[in-house]
Amino acid sequence: MSETLENLSSETRQFPPPADLAANANVKADAYEEAAGDRLAFWAKQAERLAWTKPWDQVLDWSNPPFAKWFVGGELNIAYNCVDRHVEAGLGDKVAIHWEGEPGDTRTVTYSELLKLVSQAANTLTELGVTAGDRVMIYLPMIPEAAVAMLACARIGATHSVVFGGFSVEALATRIEDAAAKVVITADGGYRRGKPSALKPTVDEAVSRTDRIEHVLVVRRTGQDVAWTDKDKWWHETVEQASPEHKAQPFDSEHPLFILYTSGTTGKPKGILHTTGGYLTQTSYTHHAVFDLKPESDVYWCTADIGWVTGHSYIVYGPLSNGATQVMYEGTPDTPDRGRFWQIVDKYKVSILYTAPTLIRTMMKWGDDIPAKYDLSSLRVLGSVGEPINPEAWIWYRKNVGHERTPVVDTWWQTETGAIMISPLPGVTAAKPGSAMTALPGISADVVDDQAQSVPNGGGGFLVLREPWPSMLRTIWGDDQRFLETYWSRFGAGSSAGGDEWIYFAGDGAKKDSDGALWLLGRVDDVMLVSGHNISTTEVESALVSHPSVAEAAVVGATDPTTGQAIVAFTIPRGNVDTAGDAGEALIKELRNHVAKTLGPIAKPRQIMLVAELPKTRSGKIMRRLLRDVAENRSLGDVTTLQDSTVMDLISSGLKTAK
Ligand code: 6R9
């Protein structure tokens, strides 16, 4: 990408917060001024929301950048903060987790029960020889034991590494090896799409490929047959029989909490390392601020999987540190039918919902009549994370789920940032559909050109972070050099241009609109270069989704003899749209013109293909790399992180028959 990114779209709609929410909001406009005045004092104040056994001596040590230390010298126990202290405050009978299994079975876990389970699991891990600093892999379905296992590790200072249940043997084995893990916590299986789906055979195979693993703890969830080795122990025969007494020991603020692998676009997965005090401070504060959580009355539901950073920060650590009551759901949104999510919102009177654009667009495809069948009036704040949310998807979400009343908070962050960085505040910000708006108090985000100069309002370029933040990654596990190269060598002090300032390169394109609000434009690697113009995937996709016949779209740049690259779009029509024969051809023509009209002729796709599905990761992100392979007639690259491996066959065979 050369100097800047084209700014093609403009959005004038804006939605101020409802007056009652604004009046009672946890965080008001003065937080921005307070943080701008003294950023470190601001974060120190947020850290005081937690219970520390030893106070810190220094808020931030940035003497060896980009290796940060936050709350230096301080000590705390994360599990104590997420569980014990709520029980000690008399909230033991409060529901921590309303769990809903996919087949319809349920469990209610109070904070007292959570304390018992976490203590028992901590005792069992200790008996198995796990000590502070050891690594434990977690490969579980979305069951309460997933949160229990993470908290038990944190309680004894073991570093957990969660791998999505359903990732391949290869993915699990490389992660075990890279983390040099000693124990795996898994289950016989979990329910997905109405069927038990086995997990244990993958673990058996992965464990046999390395000699690292000493013990495998197995939760019985589905009751399906499992092969048994002498490393295996049932959870119900160990954890559930263990003593419920366990005293949490404090750990240093910089003690490693977890490693979470991100696949990245190429090469070996990166083990993103997060530590204790700064991570909990920022996840806890942002959960309180961005969702306006009122722990005494709200029912919060984040639909993410625990294998994604969103599950770590906004199912486990953020909400539990704030004493929230939350819903946890095991399965897929269309089991037993397409109303499952709304049925859950209705049943538990969910008031704060946090989900991903991919799900919102899927719901758009399925039709407005489905959410309309349920009582969603309990909802008061809606969140989005994972990809840019197209303005029309945002509007659909607010209208059909939020009844034109609830704020929608579009939250930008990454595995690397640990917690939300850019987002509206629901009681403060007049949000624009499709924009993550502004950096949160205490965070300094900017958009720069390739010379690291801040772009003016109306300009586009690279998203960067200019100041260290409490929940930032500390390194890539075992690979400081790669940490430096990936995030710190593009701009500023760590780059060849040098300078005094250490600038974090997020890898995302972004623009500032005429008011300075931030718009995320997709990964820099996906930017298309068409006749000398840098065009973001997001703007073209959003233009397609703004057409009433389109539910979802993914665009890629494919090599083109005249324009260098040309735009190729893969488009999923909405459920009621006729695409057979001539109707399909007519729609394609109309869509190409619609994009040209909305964004200008430069953005007109060369080709549009109508498809039924798009390739996505387990966290719901579109894998444009694979679509580029299709558009350029190559054989497919690495597909190990694909959620559903049949999707690519479907797309390729659909294209062949269409030709
Ligand atoms: C939390 C999470 C990080 C990448 C990030 C960006 C994309 C996430 C977004 C968003 C636009 C948002 N992303 N949230 N893009 N608007 N609100 O998703 O972490 O899985 O590490 O992905 O996701 O491209 O760089 P992770």
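Keep in mind that what you see is a predicted model, and the values were worked out from it rather than measured. Index from 1, following the sequence.
- Judged by distance alone, with hydrogens and angles left aside, the side-chain atoms of Ser313 form no donor-acceptor pair with the main-chain N or O of Ala419 at under 3.5 Å.
- Closest of all the heavy-atom pairs between Ala158 and Val130 is CB-CG1, 3.7 Å.
- In the model, Ser112 has no side-chain atom that pairs as donor or acceptor with a side-chain atom of Thr110 under 3.5 Å.
- Contacts classified as salt bridge (Lys or Arg N to Asp or Glu O under 4.0 Å) and involving residues 306-323 (residues at least two apart or in different chains) are not found.
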Mind running side-chain contact (heavy atoms from CB on, under 4.5 Å) on Met363 and Trp366 for me, showing each step along the way?
CA-CA 5 Å; Met363 302 294 182; Trp366 290 345; 3.8 Å; yes
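- Under the side chain to side chain contact (heavy atoms under 4.5 Å, CB included) rule, Val207 has a single partner from His215, Lys231, Met137, Arg212, which is Lys231.
- The list of salt bridge (Lys or Arg N to Asp or Glu O under 4.0 Å) pairs with a residue in residues 311-320, not counting sequence neighbours, is empty.
- Here ring pair (Phe, Tyr, Trp, His ring centres under 6.0 Å) pairs that include residues 95-135, with residues two or more places apart or in two chains, are His86-Tyr111, His98-Tyr348.
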Are Lys200 and Asp204 close enough, and set up right, to give a salt bridge (Lys or Arg N to Asp or Glu O under 4.0 Å), and what steps lead you there?
CA-CA 6 Å; Lys200 177 87 171 26; Asp204 292 344; 2.8 Å; yes
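- Qualifying side-chain contact (heavy atoms from CB on, under 4.5 Å) partners for Ala89, counting only residues two or more places apart in sequence or in other chains: none.
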So Asp292 and Asp298, side-chain contact (heavy atoms from CB on, under 4.5 Å) or not? Walk me through it.
CA-CA 9 Å; Asp292 191 43; Asp298 275 316; 5.9 Å; no
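- Applying the ring pair (Phe, Tyr, Trp, His ring centres under 6.0 Å) test to residues at least two apart or on different chains, the pairs with a partner in residues 319-347 are Trp301-Phe341.
- With Glu102 contributing its side chain and Thr332 its backbone, the two residues share a donor-acceptor pair below 3.5 Å.
- The side-chain contact (heavy atoms from CB on, under 4.5 Å) test applied to Pro357 returns Arg361, Ser384, Glu387, Ile389, not counting sequence neighbours.
- A salt bridge does not link Glu237 to Arg220: none of the charged side-chain nitrogens sits closer than 4.0 Å to a carboxylate oxygen.
- In this view, Arg618 and Asp305 satisfy the side-chain hydrogen bond (donor to acceptor under 3.5 Å, both in side chains) rule, not counting sequence neighbours.
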Go through Thr617 and Met623 one step at a time and tell me if the side-chain contact (heavy atoms from CB on, under 4.5 Å) criterion holds.
CA-CA 7 Å; Thr617 63; Met623 293 178 78; 3.6 Å; yes
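- With a 6.0 Å radius and a threshold of 12 heavy atoms from other residues, nucleotides or ligands, Asp93 has its CG atom at or below the threshold.
- Environment of NZ in Lys347: crowded, with over 12 heavy atoms of neighbouring residues, nucleotides or ligands closer than 6.0 Å.
- When all heavy atoms of Ala393 and Ile360 are compared, the closest pair comes out as O-CG2, 3.6 Å.
- For the pair Pro615/Ile651, a side-chain contact is recorded, criterion being any heavy-atom separation below 4.5 Å from C-beta on.
- Judged purely by distance below 3.5 Å, without hydrogens or angles, the side chains of Gln326 and Tyr354 never pair a donor atom with an acceptor atom.
- Sorted by first and then second residue, the pairs that involve residues 328-338 and meet salt bridge (Lys or Arg N to Asp or Glu O under 4.0 Å), not counting sequence neighbours, are Arg221-Glu330.
- Ala171 approaches Arg175 most closely through the heavy-atom pair O-NH1, 3.0 Å.
- For the residue pair Asp178 and Tyr261, a side-chain donor N or O sits within less than 3.5 Å of a side-chain acceptor on the partner.
- Residue pairs meeting the side chain to side chain donor-acceptor pair (under 3.5 Å) criterion with at least one partner in residues 241-252, sequence neighbours excluded, are Arg155-His246.
- Scanning both residues, Ser321 and Leu280, for their nearest heavy atoms gives CB-CD1, 4.1 Å.
- Among residue pairs with one or both ends in residues 118-140, those qualifying as side chain to side chain donor-acceptor pair (under 3.5 Å) are Thr131-Asp134, Asp134-Lys182; sequence neighbours excluded.
- When only modelled atom types and interatomic distance are considered, Arg49 and Ser284 share a side-chain donor-acceptor pair under 3.5 Å.
- Arg85 meets the side-chain hydrogen bond (donor to acceptor under 3.5 Å, both in side chains) test with Asn81; sequence neighbours excluded.
- Residue Ala96 comes nearest to Leu320 through the heavy atom pair CB-CD2, 4.3 Å, listed as atom of the first residue, atom of the second, then distance.
- Under the side-chain hydrogen bond (donor to acceptor under 3.5 Å, both in side chains) criterion, Lys349 pairs with Asp346, sequence neighbours left out.
- Between Tyr279 and Phe258, the angle of the ring planes goes over 60°, which puts this pair in the perpendicular group of the 30/60° scheme.
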